[in-house]
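To keep things clear, I will list the structure first and then write my remarks on it.
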Amino acid sequence: MSEGVWTNNWQGVKNAMLCGFVRNGWSTVRDENGNVVDGYNGALPMGSYQNVNVASSSYPALIFGTGTAAPAATDLGLSHKWTSGISRVAIVNGALSYDDSTHTASKEVKATIQNTGVNPVTVTEWGIVGRAWRGSSSYPDILLYRALLDSPVTLNQYESATLSATITVQLTDPS
């Protein structure tokens, strides 16, 4: 897969985790509709991924879409998330590694997805989502990372593909 962008939500999540709360302006975290959420209780991008299309408080999720807009830090969702006719076949979490010279952590995640719909689907984008909360019973997914595939993948009915993502974060101490 290709390189993309960590979203402003990711910056807001990191600030919220340091401070323990979300505050509009410097630790803003927004759902896909642009609404500020009350807090973040989702897993982090270097955590263990499960074979699902939505995140939880225990694990982030890899999501896929058919949009072609260039990724931007201001993105709140994929351009066009693929939600129906997609079956999650398998997910494989690689080991977390750390490079002391660059202070970079990385991990490979492989997701096998299948088109269970009638029409062909061309997968062009992917992202990482975590889980936030709003009020006492609303748990929207929050886009943390978004990228376009280097080469789009077209899946006809019942065809599957395995997409590999290497997730990389550089660790720095706050100054």
**Q.** Under 3.5 Å: donor-acceptor pair, side chain of N15, backbone of G12
**A.** no
Q. Heavy atoms, side chains only, cut-off 4.5 Å: are L155 and W82 in contact?
A. yes
Q | Heavy-atom donor-acceptor pair, K107 side chain to G47 backbone, under 3.5 Å | A | yes
Q) If Ile, Leu, Val, Met, Phe, Trp and Tyr residues are connected whenever their side-chain heavy atoms lie under 4.5 Å apart, and connections chain through other members, are I86 and L163 in the same group? A) yes
Q) For atom NZ of K14, is the number of surrounding heavy atoms from other residues, nucleotides or ligands below 6.0 Å larger than 12? A) yes
**Q.** Side-chain donor/acceptor of E159 to backbone N/O of N115, under 3.5 Å
**A.** no
Q) Is Y59 linked to M46 within one hydrophobic cluster, defined over Ile, Leu, Val, Met, Phe, Trp and Tyr using a side-chain heavy-atom separation of less than 4.5 Å? A) no
(Q) Any side-chain to backbone donor/acceptor pair from S57 onto G42? Under 3.5 Å, distance only. (A) no
Q.
I'd like to know if the side chain of Y145 and the backbone of G4 have a donor-acceptor N/O pair within less than 3.5 Å.
A. yes
Q) Would you say T122 and T66 make side-chain contact, with heavy atoms under 4.5 Å? A) no
Q | For the student: nearest non-hydrogen atoms of L96 and A105, plus distance | A | CD1-CB, 4.3 Å
Q | Sidechain-backbone polar pair: R88 side chain, V52 backbone, donor-acceptor under 3.5 Å | A | yes
Q | Side chain E32, main chain D141, donor-acceptor under 3.5 Å | A | no
Q) Does the E125 side chain pair with the main chain of L78, one donor and one acceptor, at a distance under 3.5 Å? A) no
Q: Could you check I113 against W126 for side-chain contact (heavy atoms from CB on, under 4.5 Å), going step by step and ending with a plain yes or no?
A: CA-CA 12 Å; I113 56 176; W126 66 281; over 6 Å; no
Q.
Does any part of the side chain of I128, heavy atoms only, come nearer than 4.5 Å to the side chain of W6, both counted from C-beta?
A. yes
(Q) Looking at T166, is its backbone amide N or carbonyl O close enough to the side chain of E108 to form a donor-acceptor pair, meaning the two atoms are under 3.5 Å apart? (A) no
**Q.** Single-linkage hydrophobic cluster, 4.5 Å side-chain cutoff, V129 and V109 together
**A.** no
Q) Of the non-hydrogen atoms in A55 and A61, which two are nearest, and what is the gap between them? A) N-CB, 3.8 Å
Q: Over all heavy atoms of both residues, which pair between R146 and P71 is shortest? Give the atoms and the distance, please.
A: NH1-CA, 3.0 Å
Q. In terms of hydrophobic clusters joined by side-chain contacts under 4.5 Å, are I63 and V5 together?
A. no
**Q.** Distance in Å, S87 OG paired with N53 CG, rounded so as to fall on 0.5 Å steps
**A.** 10.5 Å
Q: Treat each ILVMFWY residue as a node, draw an edge where side-chain heavy atoms are under 4.5 Å apart, and state whether V89 and L149 are in one component.
A: no
Q: Determine whether Y98 and H103 make a side-chain contact, defined as any pair of heavy atoms from C-beta on separated by less than 4.5 Å.
A: yes
Q. Is D99 reaching over with its side chain to a backbone N or O of T104, donor-acceptor style, under 3.5 angstrom?
A. no
Q. Do Y49 and I167 come within less than 4.5 Å of each other through their side chains, counting heavy atoms only?
A. yes
Q: Considering non-hydrogen atoms only, spot the tightest contact between T116 and Q157 and give its length.
A: O-NE2, 4.4 Å
Q | Smallest separation among heavy atoms of N93 and S48, with atom names | A | ND2-OG, 3.5 Å
Q) Would you call V121 and F64 a side-chain contact if the rule is heavy atoms closer than 4.5 Å? A) no
Q: Write down the atom of T102, the atom of Q170, and the distance for their closest heavy-atom approach.
A: O-NE2, 3.0 Å
**Q.** side-chain contact (heavy atoms from CB on, under 4.5 Å) partner of T7, chosen from T74, V13, I142, L143
**A.** L143
Q: Flag the pair V37 / P140 as yes when at least one side-chain heavy-atom distance between them is below 4.5 Å, and no otherwise.
A: yes
Q.
With a 4.5 Å cut-off on side-chain heavy atoms, are I91 and L62 touching?
A. yes
